[in-house]
Amino acid sequence: MSEVSLLIAFTAGLLSFLSPCVLPIIPGYISYISGIGAQEVKEKGGFSQKAFMASLLFVVGFSVVFTFMGATATGIGGLLREYQDHIAKVGGGIVVFFGLHFAGVMLRPSFLKELAGVSALILAFFFLGVIPQKTLFDLLGIALVVAFLYLFGLHEVLYRQMRKEMKGSVSGLGALAVGMLFAFGWSPCIGPVLGSILLYASQQETALQGASLLFAYSMGMGIPFLIAGGLLSAFLGFVRSFGRFFGVVEVVGGLLLILLGVLLTMGKLAEISLLLGA
């Protein structure tokens, strides 16, 4: 596995952490798993060993689950190796759908008309001899998958915010359990990004490669979570000031997922990874 693939997964984890429906609730999670209230954070400031250790257990919890999911995705992909090309094409379309969702494009009522316009433009490029027939079929296939999922209403499910109210606190190994539950019950907000990396993992040759991808994803989320736990007081200020960049995160993350989906569909991701990793 190239370093580029791991970098893609790590960046995806970081984007999940910085997404507008995850970042604002991180302080609440840290307070819940460490038992440290807002007043205590303000009074002490500086480095909090208690919050850091609780955050570490939380990160270990979701990292174990995500890594296992990565190995499982590769195993399932291996069982369906005969159909891997077809899975890559459909999966790439799903990843593009996730990217459009992440960027907020599907909120516009004219989305289907815009999708039809892009498809017509692709056809025009084909007739002008700009793109070959195979590329035409790949891109129109992506458009077809996106349209199907949109008409099926999956975008409405993904836009629902599923945040559970957390009352009281846990202690000790309870933070580990909460981290594992967080991984199993991820919200629609990180679902598209996580799902995209799992689809990518399903295309790997060995379970170790798939597990490595999801471990890198976990570190993309986990490292900033540890920093947030150790420096909770400063992190609260960061959350308040970072809010104005949420739109940028959504657009950049969406574009990266769309690019990942197109490359998966066209079977070019491995070639580019090898080229850049050389």
Side-chain angles (χ1 to χ4, degrees), residues 1-2 4-19 21-22 59-81 83-103 142 145-146 148-149 152 154-155 157-158 162 179-222 225 253-270 272-273:
M1 173 173 293
S2 72
V4 176
S5 297
L6 297 177
L7 180 61
I8 290 173
F10 182 88
T11 303
L14 183 59
L15 287 171
S16 294
F17 181 86
L18 295 174
S19 61
C21 58
V22 171
V59 170
V60 169
F62 71 67
S63 296
V64 168
V65 175
F66 284 156
T67 302
F68 176 76
M69 290 168 67
T72 302
T74 306
I76 295 174
L79 293 175
L80 302 173
R81 189 72 65 189
Y83 308 100
Q84 190 171 36
D85 289 342
H86 301 294
I87 293 173
K89 293 186 183 302
V90 175
I94 295 174
V95 173
V96 170
F97 178 88
F98 285 159
L100 292 170
H101 154 74
F102 198 88
I142 289 174
V145 171
V146 170
F148 174 79
L149 294 176
F152 191 71
L154 181 60
H155 64 293
V157 176
L158 292 175
M162 296 170 56
M180 298 180 75
L181 291 173
F182 169 82
F184 279 118
W186 37 267
S187 73
C189 187
I190 72 168
V193 183
L194 176 59
S196 299
I197 299 301
L198 284 171
L199 283 168
Y200 185 22
S202 71
Q203 300 298 301
Q204 305 305 309
E205 295 182 359
T206 67
L208 179 59
Q209 290 176 335
S212 297
L213 273 179
L214 269 294
F215 180 77
Y217 173 84
S218 300
M219 291 302 97
M221 285 192 69
F225 197 99
L255 289 174
L256 288 175
L257 288 180
I258 291 170
L259 178 61
L260 176 63
V262 171
L263 292 175
L264 274 174
T265 298
M266 299 177 68
K268 298 294 184 182
L269 189 58
I272 292 175
S273 296

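Atoms considered below: every heavy atom in the structure, side chains included; atoms not considered: hydrogens, waters and symmetry mates.
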* Give, for atom CZ of Phe66 and atom OG of Ser16, the distance between the pair rounded to the nearest 0.5 Å. => 8.0 Å

* Is the shortest heavy-atom distance from the side chain of Leu198 to the side chain of Met69 under 4.5 Å? -> yes

* What distance do Leu6 atom CG and Met219 atom CE have between them, rounded to the nearest 0.5 Å? -> 12.5 Å

* Structure fact -> On a heavy-atom basis, the closest approach of Ile197 and Leu213 is CG2-O, 4.4 Å

* Asked: Between atom OG of Ser63 and atom OH of Tyr217, what is the distance when rounded to the nearest 0.5 Å?
  -> 10.5 Å

* **Min side-chain heavy-atom separation Val96-Val145 under 4.5 Å** => no

* Specify the closest pair of heavy atoms between Phe17 and Met221, including all atoms of both residues, with the distance to one decimal. => CD1-O, 3.6 Å

* Can you name the closest pair of heavy atoms from His101 and Pro192 and give their distance? -> CD2-CG, 3.2 Å

* To do: Please name the pair of heavy atoms, one in Ala9 and one in Ala216, separated by the smallest distance, quoted to 0.1 Å.
  => CB-CB, 3.9 Å

* Sort and list the pairs that fulfil side chain to side chain donor-acceptor pair (under 3.5 Å) and have at least one residue in residues 87-100, not counting sequence neighbours. => Lys89-Asp138

* Whether Thr67 side chain and Leu214 backbone form a donor-acceptor pair below 3.5 Å -> no

* Can you check whether Tyr200 reaches Val95 side chain to side chain, under 4.5 Å on heavy atoms? -> no

* Structure fact -> Output for pair (Gln203 CD, Leu264 CG), nearest 0.5 Å, gives 6.5 Å

* When rounded to the nearest 0.5 angstrom, what distance separates CG in Leu100 from CG in Leu255? -> 9.5 Å

* Taking all non-hydrogen atoms of both residues, which atom of Ser19 and which atom of Phe102 are closest, and how far apart? -> CB-CZ, 4.1 Å

* Asked: When rounded to the nearest 0.5 angstrom, what distance separates CZ in Phe215 from CG in Leu208?
  -> 11.5 Å

* Where do Leu15 and Gly253 come nearest, in terms of heavy atoms and distance? -> CD1-CA, 3.6 Å

